[in-house]
Amino acid sequence: KKVMSKKTKVWSIGDGMWKLHIADESLYMKIRDTLKLRRERNWSPAVYMKEGVIYAWDLHLDKKQLDTAKEIIKKHK
């Protein structure tokens, strides 16, 4: 388990895929839109809710997508 910041975590889930956990809505949207994830047919992120409010997302990414996401995370303030 690698921790990149308290807002994001990454796990390997096998088969060259990674799970990226994001607890920052603007960062999530930036990664989602940059990677054009909504165009993928079966795309639906796992969401974490508390009292009806989404507070975190899990994205399943391949290595190339993960590398792009890490660049976005690095630049995101």
Side-chain angles (χ1 to χ4, degrees):
K1 194 195 291 188
K2 285 184 249 162
V3 178
M4 292 178 345
S5 82
K6 64 178 191 285
K7 302 239 182 235
T8 59
K9 291 189 181 101
V10 178
W11 297 268
S12 170
I13 53 175
D15 291 327
M17 294 299 290
W18 299 81
K19 183 192 285 187
L20 174 62
H21 177 83
I22 309 167
D24 176 320
E25 189 173 14
S26 65
L27 180 58
Y28 157 73
M29 290 171 111
K30 192 179 270 188
I31 290 169
R32 179 195 71 188
D33 294 348
T34 302
L35 295 174
K36 299 180 175 63
L37 294 175
R38 283 182 293 191
R39 290 194 190 157
E40 293 180 18
R41 215 182 35 203
N42 302 326
W43 188 72
S44 71
V47 297
Y48 295 81
M49 291 181 92
K50 191 176 191 175
E51 294 163 13
V53 177
I54 297 173
Y55 67 89
W57 297 260
D58 282 348
L59 298 177
H60 290 163
L61 305 174
D62 62 27
K63 183 74 173 93
K64 192 173 169 213
Q65 290 173 318
L66 180 66
D67 289 342
T68 302
K70 283 180 178 177
E71 286 303 308
I72 295 166
I73 292 163
K74 247 185 256 172
K75 292 176 186 150
H76 188 77
K77 295 286 173 264

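For the atom pair Ile22 CD1 and Leu20 CG, the distance stands at 4.0 Å (nearest 0.5 Å). Between the NE2 atom in His76 and the NZ atom in Lys7 there is a gap of 8.0 Å [rounded to 0.5 Å]. A distance of 11.0 Å separates CG of Leu61 from CH2 of Trp18, quoted to the nearest 0.5 Å.
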message: Before you tell me yes or no, could you show the steps for Thr8 and Val10 under side-chain contact (heavy atoms from CB on, under 4.5 Å), namely the whole-Å CA-CA distance, both residues' side-chain angles and the distance that decides it to 0.1 Å?
response: CA-CA 7 Å; Thr8 59; Val10 178; 5.9 Å; no
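Listed by chain and number, the hydrophobic cluster partners of Met17 are Ile13, where partners are ILVMFWY side chains within reach of under 4.5 Å, directly or through others.
Among residue pairs with one or both ends in residues 16-28, those qualifying as salt bridge (charged side-chain N to carboxylate O under 4.0 Å, His left out) are Lys19-Asp58; sequence neighbours excluded.
Residues that satisfy the side chain to side chain donor-acceptor pair (under 3.5 Å) test with Lys74, not counting sequence neighbours, are Glu71. Scanning for ring pair (Phe, Tyr, Trp, His ring centres under 6.0 Å) contacts around Tyr48 gives His21, with sequence neighbours left out. Not counting sequence neighbours, the partners of Lys63 by the side chain to side chain donor-acceptor pair (under 3.5 Å) test are Asp67.
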What side-chain donor-acceptor pairs closer than 3.5 Å can you find for residues 27-37, not counting sequence neighbours?
from	atom 1	to	atom 2	distance (Å)
Asp33	OD1	Arg38	NH2	3.0
Thr34	OG1	Lys30	O	2.6

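Put simply, Val47 and Val53 are part of two different groups of oily side chains (I, L, V, M, F, W, Y) that touch within less than 4.5 Å, one to the next.
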